[in-house]
Amino acid sequence: MLVRLMYASRAVAATDQDSLLAILRKSKANNPVIGVTGVLCYSEGIFLQVLEGGRSAVNRLYNQIAADKRHTQVELLHYEEIGERRFAGWSMGQVNMARLNPALLLKYSETATLDPYAVSGAASLALFEELVATAAIVGQP
Ligand SMILES: Cc1cc2nc3c(=O)[nH]c(=O)nc-3n(C[C@H](O)[C@H](O)[C@H](O)COP(=O)(O)O)c2cc1C
């Protein structure tokens with residue numbers, strides 16, 4: 001029983017490269033153990049993350065992440081049962097924002113800024129899928 005979950009949140013403090021790396025390092029250590037894969041995006045104070053895996057594992061992890069004091073306003077954008085993963089290649093991939101084409105943001109939103117609170121969950125998921133297709137994801141499985 002696989003599910004895909006996507007949420008957005010706001011970082012409580014300016015998240016520098018080191019804080020982001022700490023989150024990714026922890027995710028890469030923990031997620032393979034529980035069979036969760038996904039992608040994390042951070043831009044200008046906003047996190048956007050997709051988690052895929054077993055229903056119980058994803059729900060448990062989501063609740064754990066939602067309680068994390070490093071972010072707030074954790075908002076569930078999308079949740080569905082799935083037949084197959086779309087982000088199977090990463091225990092937790094990171095979107096390379098440097099390679100993010102503003103035109104891609106404009107394709108799905110009113111302005112060229114990442115604002116998942118202002119667009120539908122479907123639009124944010126479509127954006128993630130294009131990022132994966134254009135290889136704008138960094139990080140090892
Ligand atoms: C935006 C964000 C995303 C996170 N993503 C993950 C994740 O994918 N996997 C994970 O294990 N922890 C993730 N964490 C960290 C968890 O909230 C929590 O600190 C961690 O799972 C605790 O693991 P531990 O019990 O091994 O110390 C994330 C935290 C934040 C703020």
Side-chain angles (χ1 to χ4, degrees), residues 1-102 104-141:
M1 166 70 77
L2 289 169
V3 301
R4 179 179 303 119
L5 180 157
M6 182 171 54
Y7 73 85
S9 64
R10 293 188 197 277
V12 291
T15 300
D16 57 18
Q17 198 56 30
D18 281 352
S19 336
L20 198 54
L21 273 176
I23 293 172
L24 287 165
R25 214 172 290 128
K26 175 66 80 177
S27 307
K28 285 172 189 173
N30 288 349
N31 295 1
V33 180
I34 55 172
V36 168
T37 55
V39 175
L40 176 67
C41 181
Y42 175 77
S43 175
E44 294 175 22
I46 289 183
F47 289 110
L48 185 61
Q49 188 175 30
V50 175
L51 302 170
E52 292 179 338
R55 184 170 62 196
S56 299
V58 167
N59 272 280
R60 215 175 299 125
L61 180 59
Y62 174 65
N63 281 303
Q64 195 173 313
I65 293 172
D68 196 308
K69 296 278 181 282
R70 287 170 285 190
H71 61 175
T72 181
Q73 270 184 263
V74 180
E75 191 161 308
L76 187 64
L77 302 177
H78 180 91
Y79 180 89
E80 66 173 325
E81 292 183 351
I82 54 172
E84 58 188 55
R85 300 180 196 233
R86 287 186 194 152
F87 307 99
W90 301 270
S91 58
M92 193 43 63
Q94 184 195 357
V95 175
N96 183 355
M97 294 306 288
R99 286 194 56 183
L100 187 54
N101 182 349
L104 189 53
L105 285 171
L106 281 174
K107 183 172 174 181
Y108 295 106
S109 43
E110 292 175 28
T111 60
T113 50
L114 181 76
D115 187 1
Y117 294 97
V119 302
S120 69
S124 293
L125 198 57
L127 175 67
F128 256 123
E129 279 172 5
E130 287 216 31
L131 289 171
V132 171
T134 55
I137 309 285
V138 289
Q140 301 300 308

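Each ligand, and each atom within it, is numbered from 1 in the order the structure gives. All figures in this text were calculated on a predicted structure; none of them were measured in a lab. Sequence positions, counted from 1, serve as the residue numbers for this chain.
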**Message:** By the salt bridge (charged side-chain N to carboxylate O under 4.0 Å, His left out) test, which pairs, at least two apart or in different chains, include something from residues 8-27?
**Reply:** none
**Prompt:** When the ring planes of H71 and Y7 are compared, do they come out parallel, tilted or perpendicular, using 30° and 60° as the limits?
**Reply:** perpendicular
**Request:** Only heavy atoms count here, so choose which of L48, V50, N30 is nearest to atom 11 (O) of ligand 1.
**Result:** N30
**Asked** Between M92 and I23, is any pair of side-chain heavy atoms under 4.5 Å apart?
**Response** no
**Message:** Return the closest protein heavy atom for atom 5 (N) of ligand 1 as residue, atom name and distance.
**Reply:** Q49 NE2, 3.1 Å
**Asked** In the protein, what heavy atom is nearest to atom 31 (C) of ligand 1, and what distance, to one decimal place, separates them?
**Response** I23 CD1, 3.7 Å
**Message:** E110: which residues meet the side chain to side chain contact (heavy atoms under 4.5 Å, CB included) condition with it, sequence neighbours left out?
**Reply:** none
**Request:** Could you tell me whether E130 and K107 have a side-chain N and a carboxylate O separated by less than 4.0 Å?
**Result:** yes
**Asked** Should one rank A22, A66, A67, S27 by closest heavy-atom distance to atom 12 (N) of ligand 1, which comes out on top?
**Response** S27
**Item:** Enumerated ligand 1 atoms positioned under 4.0 Å from heavy atoms of M92
**Value:** 8 (O)
**Prompt:** Heavy-atom count around Q73 CD within 6.0 Å, excluding the residue itself: above 12?
**Reply:** yes
**Asked** Backbone N or O of F87 within a donor-acceptor pair of the T37 side chain at under 3.5 Å?
**Response** yes
**Prompt:** Within the distance-only criterion (no hydrogens, no angle test), does the side chain of E52 pair as donor or acceptor with the backbone N or O of R86 below 3.5 angstrom?
**Reply:** yes
**Prompt:** What is the nearest protein non-hydrogen atom to atom 2 (C) of ligand 1, stated with its residue, atom name and distance?
**Reply:** Y7 OH, 3.7 Å
**Message:** Suppose we measure from atom 14 (N) of ligand 1 to each protein heavy atom; which comes out shortest, and what is that distance?
**Reply:** I65 CG1, 4.0 Å
**Request:** Nearest heavy atom to atom 21 (O) of ligand 1 wins, so pick from K28, K26, R25, Q64.
**Result:** Q64
**Which of the ligand 1 atoms, numbered from 1, are nearer than 4.0 Å to a heavy atom of R70** = 15 (C), 19 (O)
**Message:** Minimum distance, heavy atoms only, to atom 9 (N) of ligand 1: which one of V12, V74, N31 is it?
**Reply:** N31
**Prompt:** What protein heavy atom sits nearest atom 16 (C) of ligand 1, and how far off is it?
**Reply:** D68 OD2, 3.5 Å
